[in-house]
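In what follows, a single structure is set out as structure tokens and then discussed.
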Amino acid sequence: MKLYINENQRMGVIAPEIYGHFSEHLGRCIYEGLYVGEESDIPNVKGMRSDVVEALKKIDIPVLRWPGGCFADEYHWKDGIGPKDQRKKMVNTHWGGTTEDNSFGTHEYFELCSQLGCKTYVCGNVGSGTVQEMSEWVEYMTFDGVSPMADLRKQNGHEQAWKLDYFGVGNENWGCGGNMTPDHYAHLYRRYQTYVRNYHKDRPVFKICGGADAADYEWTDTVLHECFRKPAPESAHGFMDGLSVHYYVGAEKGAHKGSATDFGEEEWNATLKRALGMEELIRRHGAIMDQYDPDKKIGMIIDEWGCWHDVEVGTNPGFLYQQNTMRDAVVAGLTLNIFNKHCDRVKMACIAQIVNVLQSVVLTEGSRMLLTPTYHVFHMYRHHQGAELLESYLEQEGQGEAVVQESISVDRDGIVTVTLCNHSLHEAQNMELLFVQKKPAAVSGSIVRGAMNAHNTFDEPETVAEEAFTEFEVGDRGVSFVIPPCSVMMFRIG
Ligand code: AHR
């Protein structure tokens with residue numbers, strides 16, 4: 001199989017935020033996964049667990065979405081500020097009916113993002129919150145002068161406003177966020193977004209309109225029809241800067257999504273087929289967006305994506321805790337390749353969710369932590385962040401379905417990153433990467449591979465890991481090698 005790379009044709013910048021993550025007050029994501037409190041025996045800095053923060057820093061996480069998810073449209077931010085012993089407790093009705101003690105709130109979220117060195121993305125409450133509540137939250141977070149909310153923030157110990165990069169106006173308002181019709185949400189969106197004020201003209205908040213569930217193209221069309229406004233000439237922004245889409249995949253056999261670890265070829269094929277469906281979703285939602293916004297000013301924000309399997313046996317069904325195998329790694333690799341190739345429209349994506357929920361990069365059990373196969377894919381792919389996509393063409397041999405899939409970028413130092421997935425379970429492929437003119441000088445590679453069900457456990461945390469890949473030959477215009485079945489690979493070519 002030949003992979004032609006045109007190093008002279010740059011197709012646009014891959015927004016680093018495509019490699020974003022999502023954290024919700026759900027199961028053990030926030031509490032235990034990210035935040036253990038300052039009194040915990042688990043090593044922490046200001047309550048954030050150090051092992052997890054250090055692991056996440058190594059994959060250069062660019063942005064973290066919070067506090068939900070469905071939780072966002074039930075969250076009242078004022079319950080999560082001030083002295084912790086006086087914070088209101090609430091029932092987390094969506095996720096297991098647990099008691100939420102609000103010990104992780106706005107201040108803790110910004111502290112976490114500062115430790116991670118990532119951008120901030122807060123999702124507001126449209127479903128059960130008021131315009132005033134949303135507007136005051138934005139004032140609390142971002143206003144530096146004298147005002148009721150800025151004064152309250154200062155009283156709670158934070159003198160300076162934080163940098164709020166992204167703000168979502170509700171979540172899944174077609175479902176858990178209020179069961180709205182697209183028209184109804186669109187009208188509310190116009191109103192709520194008006195009061196998401198920009199207190200800093202030099203760093204405006206990027207406003208995200210709540211978008212469709214998977215292939216609900218009518219939702220996308222309706223909200224754009226009602227809410228799309230060309231930015232006024234004197235400002236860079238219209239009513240929205242981004243429009244979201246959510247898409248989850250699994251084997252979905254009957255009433256069950258299927259086990260995360262105990263599955264066969266049929267489930268592998270079904271999951272991979274659904275994951276490859278991301279391409280069509282982006283094309284079709286993108287085509288609707290093009291009708292309103294041909295200059296592609298609005299970003300497609302895929303702020304929830306990933307594999308959704310059955311919960312691990314014996315765990316709380318409301319906690320969505322699942323293991324993570326080579327199947328999840330291959331889904332991550334090929335989905336990120338699809339995002340890279342659509343970097344002209346896709347400006348952010350957040351895998352769901354960062355720790356202990358759905359397709360996580362990190363799992364914890366008490367004081368123990370492990371890195372999942374998906375983590376290793378994010379580690380290999382981090383070089384694409386902020387790089388420029390290169391034109392590429394994969395020439396398949398024979399008539400069969402394509403089993404290898406790629407994306408290629410070049411960074412500021414001229415180093416080319418090639419990422420590849422082979423989703424065949426049985427067949428290796430001879431590969432030849434061919435540049436137009438470039439003569440490869442320094443080449444290095446790494447790989448994540450294993451049997452389809454291979455995964456890491458707390459007793460055997462290194463079963464699936466990123467390994468150096470050295471079995472390649474460098475020629476005058478390219479690199480040749482064999483890509484094993486069920487693997488994700490990365491080359492850096494200088
Ligand atoms: O990620 C889990 C849930 O999936 C989120 O809370 C919701 O937005 C989606 O349905």
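If you're wondering where the values come from, they're calculated on a predicted model, not measured in any experiment. Here, residue 1 is the first one in the sequence, and each next residue gets the next number. Whatever order the structure lists them in is the order used to number ligands and atoms, beginning at 1. Side chains are part of it too, since the values below use all heavy atoms of this structure and drop only hydrogens, waters and symmetry mates.
- Within ligand 1, counting atoms from 1 as listed, the ones closer than 4.0 Å to a heavy atom of N171 are 8 (O).
- Atom CZ of R203 sits in a crowded spot, with more than 12 heavy atoms from other residues, nucleotides or ligands closer than 6.0 Å.
- Interface of F22 with ligand 1, defined as ligand atoms under 4.0 Å from a residue heavy atom, comprises 1 (O).
- Close contacts between ligand 1 and C70 involve ligand atoms 5 (C), 6 (O), 7 (C), 8 (O) [criterion: under 4.0 Å to a heavy atom].
- Listed by atom number, the atoms of ligand 1 under 4.0 Å from L358 heavy atoms are 1 (O), 2 (C).
- Neither the backbone nor the side chain of V357 comes within 4.0 Å of ligand 1, counting heavy atoms alone.
- Assignment of F71 to the shell around ligand 1 is not supported, since no heavy atom sits closer than 4.0 Å.
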Is there a side chain to side chain donor-acceptor pair (under 3.5 Å) between Q323 and T261 once you walk through the steps?
CA-CA 7 Å; Q323 252 294 355; T261 50; over 6 Å; no

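- Nearest protein heavy-atom neighbour of atom 8 (O) of ligand 1: E304 OE2, 2.7 Å.
- Near E172, meaning under 4.0 Å from any of its heavy atoms, are these atoms of ligand 1: 7 (C), 8 (O), 9 (C), 10 (O).
- Proximity annotation for atom 2 (C) of ligand 1: of H94, Q359, R65, Q353, Q353 comes nearest, heavy atoms only.
- H342 and E279 share a side-chain donor-acceptor pair at under 3.5 Å.
- Around atom NE2 of H200, more than 12 heavy atoms belonging to other residues, nucleotides or ligands sit under 6.0 Å away.
- In Y248, the part holding a heavy atom less than 4.0 Å from any atom of ligand 1 is the side chain.
- In this structure, the side chains of L56 and I354 come closer than 4.5 Å at one or more pairs of heavy atoms.
- With a 6.0 Å radius and a threshold of 12 heavy atoms from other residues, nucleotides or ligands, Y195 has its OH atom at or below the threshold.
- When the shell of 6.0 Å around NZ of K46 is examined, it contains 12 or fewer heavy atoms from other residues, nucleotides or ligands.
- Where the criterion is an N or O separation shorter than 3.5 Å, residue side chain and backbone included, W308 fails it with respect to ligand 1.
- Here the CD-OG distance, from Q193 to S135, works out to 12.0 Å after rounding to the nearest 0.5 Å.
- Annotation: atom 6 (O) of ligand 1 to nearest protein heavy atom, E24 OE1, 2.7 Å.
- Here's the thing with C176: none of its N/O atoms is less than 3.5 angstrom from an N/O atom of ligand 1.
- Under 4.0 Å from ligand 1, not a single heavy atom of W305 appears.
- Remark: of the listed residues F228, Y185, Y192, F239, Y185 is the sole one forming a side-chain contact (heavy atoms from CB on, under 4.5 Å) with C209.
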